[in-house]
Amino acid sequence: MSQIFAKYYFCILFILSFSAVAEHPHNELSDEETLFGLYGDEELISIATGVLQPVSKAPSVATVITAADIQNMGAADIDEVLETVPGLHVSYDPFGYQPAYIFRGIYSKYNPQVLMLINGVPLTNLFQGDRGLIWGGMPINAISRIEVVRGPGSAVYGADAFAGTINVITKSYDDIDGTQAGVRLGSFDHKELWVLNSVKISDGKLAVSFEFTQTDGQRQIIESDKQTVLDGMFGTNASLAPGQVNLSRENIDLRIDYEIDDWKIRAGLQRRADWGNGVGIGEALDPHNRYLSERWNADLNYKNKHSFDDWELSAQLSYLDTSQEIEKDLIIYPSGVDLGFGVFPEGFIGNPEVFERHGRANISSIFTGLNLHKIRLGFGYYYGDVYKVQETKNFGIDPATCIPAPCSALGAGAGLIDVTDTPFVFLQEKTRKNRYAVIQDIWDFAADW
């Protein structure tokens with residue numbers, strides 16, 4: 001544990017230092033506390049219609065899980081929390097044991113039909129339309145609540161929400177009482193530590209959280225794999241089975257939340273390093289490969305309920321930068337594999353890397369001047385950019401000669417070929433721009449409808 005604290009001491013000291021800046025007069029009533037006063041202990045949800053309301057009034061099949069619920073169930077990761085939601089099953093892909101959130105049995109590869117939000121901002125990438133190949137889960141200590149809508153949410157959130165929507169709301173100043181810290185140790189060299197702190201700075205309220213996880217994963221033994229089948233077909237002996245799955249992890253989650261008057265700014269980092277690929281991307285054991293992924297995000301929010309009669313104005317600017325990188329070569333099939341066109345002494349290797357950035361701007365206004373109606377008007381803009389794609393591999397077309405490589409004439413395993421910025425790279429760099437306008441009427445035409 002001393003090495004972990006030494007490695008990340010600056011983050012911990014940064015958070016703890018705020019505890020000496022000011023006192024913690026948590027006296028102000030938030031919008032949620034006002035609604036709690038009207039509806040008792042009933043949970044509130046915002047993703048059903050885009051307007052904060054009690055779950056019983058939301059026109060959808062919805063679940064809200066609070067920080068207290070998470071603590072009471074003893075969950076250590078968001079996947080354990082989501083597994084408790086009726087109608088939602090968490091399954092795992094052989095590659096990296098990536099979680100798939102399956103609503104009512106609806107599932108396809110990469111799970112793009114489920115929209116994951118953090119504080120209302122989508123995590124969807126352009127490459128595969130999901131949360132990213134190196135999602136790596138999410139720790140729970142900085143989560144204020146999780147809102148889940150089972151069933152179509154595309155009327156509010158677009159095409160990515162046609163099976164279900166998950167919105168993770170992180171803790172702000174009002175959710176953290178002073179400084180909180182903890183450590184968890186477990187099997188397979190599993191270590192966790194977290195520090196949360198909130199402080200009042202002049203008229204503003206600041207909350208900071210830092211969470212670190214390092215683990216070897218588990219030591220499950222795979223008796224045979226895809227390479228075992230290939231060995232039987234081509235008479236080779238390349239399979240590494242029986243062998244252990246590759247589930248090492250080093251996760252860092254850092255979040256900052258600052259609000260003053262009608263403004264709130266949030267920023268975060270989700271870093272996934274030393275990320276093992278489970279049973280391998282080709283379902284052949286690969287103890288060597290490691291992935292790296294970083295998600296940097298920031299959003300600026302404005303919300304005003306006071307300046308205009310019967311109108312509530314809100315606006316948001318957000319930015320997300322995400323990457324999928326290779327720390328150590330991705331060996332799809334191990335050394336000595338024969339795929340029918342020569343033996344690969346170093347293994348069948350491909351290293352795809354992709355970098356994306358996403359910008360969003362939207363403004364909306366809710367009119368409450370009509371009895372039984374809430375009318376929302378808004379418009380927005382989205383910009384997505386796959387701004388860098390890199391790839392090295394020892395198969396496919398050599399861009400220098402336009403000859404398939406490797407093959408027996410060239411000598412299999414002749415080395416890695418860099419196909420970056422060539423027509424042979426696995427993904428072309430592209431951008432996407434969306435503009436939209438919305439008009440929505442929330443009509444409470446009866447007590448329960």
Side-chain angles (χ1 to χ4, degrees), residues 3-4 7-8 92-98 125 127-128 131-137 188-191 212-222 225-227 230 238-252 269-296 321-337 339 343-356 388-396 405-406 412-421 424-427:
Q3 293 179 347
I4 299 174
K7 189 175 182 180
Y8 297 106
Y92 293 92
D93 189 270
F95 172 69
Y97 286 22
Q98 278 283 84
N125 67 21
F127 176 27
Q128 292 162 323
R131 296 169 296 279
L133 198 61
I134 319 302
W135 164 235
F188 314 121
D189 202 25
H190 185 95
K191 312 176 188 71
F212 171 77
T213 302
Q214 187 178 63
T215 182
D216 290 339
Q218 55 169 286
R219 299 194 180 101
Q220 181 180 349
I221 299 297
I222 301 297
D225 60 1
K226 183 75 169 289
Q227 184 58 48
L230 294 174
S239 176
L240 299 178
Q244 295 179 5
V245 293
N246 179 4
L247 288 175
S248 64
R249 301 285 190 269
E250 185 180 285
N251 296 350
I252 294 175
L269 165 65
Q270 289 178 281
R271 187 176 192 270
R272 305 293 180 253
D274 195 32
W275 198 90
N277 63 15
V279 300
I281 192 169
E283 299 188 24
L285 292 175
D286 174 15
H288 175 79
N289 169 239
R290 295 293 188 275
Y291 272 93
L292 168 68
S293 177
E294 292 185 346
R295 294 180 188 86
W296 297 88
D321 192 294
T322 180
S323 67
Q324 172 191 301
E325 304 173 60
I326 306 294
E327 284 189 306
K328 298 179 182 178
D329 285 342
L330 177 57
I331 303 175
I332 304 171
Y333 296 108
S335 301
V337 62
L339 297 174
V343 175
F344 291 76
E346 303 300 324
F348 193 71
I349 303 172
N351 297 320
E353 298 185 318
V354 59
F355 301 78
E356 300 185 15
K388 184 166 66 172
V389 176
Q390 301 176 160
E391 183 182 16
T392 58
K393 56 186 179 181
N394 65 351
F395 59 91
L416 293 177
I417 303 166
D418 190 348
V419 296
T420 303
D421 296 327
F424 308 108
V425 72
F426 76 101
L427 180 70

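Because only heavy atoms are used, hydrogens play no part in the values below, and waters and symmetry mates are left out as well, while side chains stay in. Bear in mind the structure is a predicted one, so any value in this text is a computation, not a measurement.
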Going by heavy atoms in the side chains, are [X] and [Y] under 4.5 Å from each other?
{"X": "Ile349", "Y": "Leu416", "answer": "yes"}
{"X": "Gln218", "Y": "Val245", "answer": "yes"}
{"X": "Ser239", "Y": "Asp225", "answer": "yes"}
{"X": "Glu250", "Y": "Arg271", "answer": "yes"}

Can you give me the closest heavy-atom contact between [X] and [Y], atom names plus distance?
{"X": "Ile134", "Y": "Ser293", "result": "CB-CB, 3.5 Å"}
{"X": "Pro352", "Y": "Leu330", "result": "CD-CD2, 4.1 Å"}
{"X": "Ser335", "Y": "Ala238", "result": "O-CB, 3.3 Å"}

Once you round to the nearest 0.5 Å, how far does [atom1] of [X] lie from [atom2] of [Y]?
{"X": "Tyr291", "Y": "Arg249", "atom1": "OH", "atom2": "CZ", "value": "11.5 Å"}
{"X": "Arg131", "Y": "Gln270", "atom1": "CZ", "atom2": "CD", "value": "11.5 Å"}
{"X": "Ile331", "Y": "Asn289", "atom1": "CD1", "atom2": "CG", "value": "7.5 Å"}
{"X": "Phe127", "Y": "Glu356", "atom1": "CZ", "atom2": "CD", "value": "8.5 Å"}
{"X": "Gln324", "Y": "Arg295", "atom1": "CD", "atom2": "CZ", "value": "10.0 Å"}
{"X": "Leu133", "Y": "Phe95", "atom1": "CG", "atom2": "CZ", "value": "4.5 Å"}

Q) Just by modelled atom types, is the Thr392 backbone N or O under 3.5 Å from a matching donor or acceptor in the Asp418 side chain? A)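 Checked: no pair found.
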
Q | Any donor-acceptor N/O pair, Asn277 side chain to Asn246 backbone, under 3.5 Å | A |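 Judged by distance alone, no pair lies under 3.5 Å.
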
If the condition is side chain to side chain donor-acceptor pair (under 3.5 Å), which residues does [X] pass it with, not counting sequence neighbours?
{"X": "Arg272", "answer": "Asp253"}
{"X": "Asn251", "answer": "none"}
{"X": "Ser323", "answer": "Glu325"}
{"X": "Gln227", "answer": "Asp231"}

Q. Got a sec, which residues hit salt bridge (charged side-chain N to carboxylate O under 4.0 Å, His left out) with Lys393, two or more places apart in sequence or on another chain?
A. Glu391

Q) Can you name the salt bridge (charged side-chain N to carboxylate O under 4.0 Å, His left out) partners of Asp189, sequence neighbours left out? A) Lys191

Can you name the residues that form a side chain to side chain contact (heavy atoms under 4.5 Å, CB included) with [X], not counting sequence neighbours?
{"X": "Pro287", "result": "Leu240"}
{"X": "Gln98", "result": "Asp93, Trp135, Trp275"}
{"X": "Gln390", "result": "Glu353, Phe355, Lys388, Thr420"}

Q. Would Phe395 and Tyr333 count as a close aromatic pair, with their ring centres under 6.0 Å?
A. no

Q.
Can you list everything that forms a ring pair (Phe, Tyr, Trp, His ring centres under 6.0 Å) with Tyr97? Sequence neighbours excluded, please.
A.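 Counting only residues at least two positions away or on another chain, Tyr97 forms no ring pair (Phe, Tyr, Trp, His ring centres under 6.0 Å).
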
**Q.** salt bridge (Lys or Arg N to Asp or Glu O under 4.0 Å) partners of residues 277-293, not counting sequence neighbours, each pair once
**A.**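 Every pair satisfying salt bridge (Lys or Arg N to Asp or Glu O under 4.0 Å) with a residue in residues 277-293: Asp274-Arg290.
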
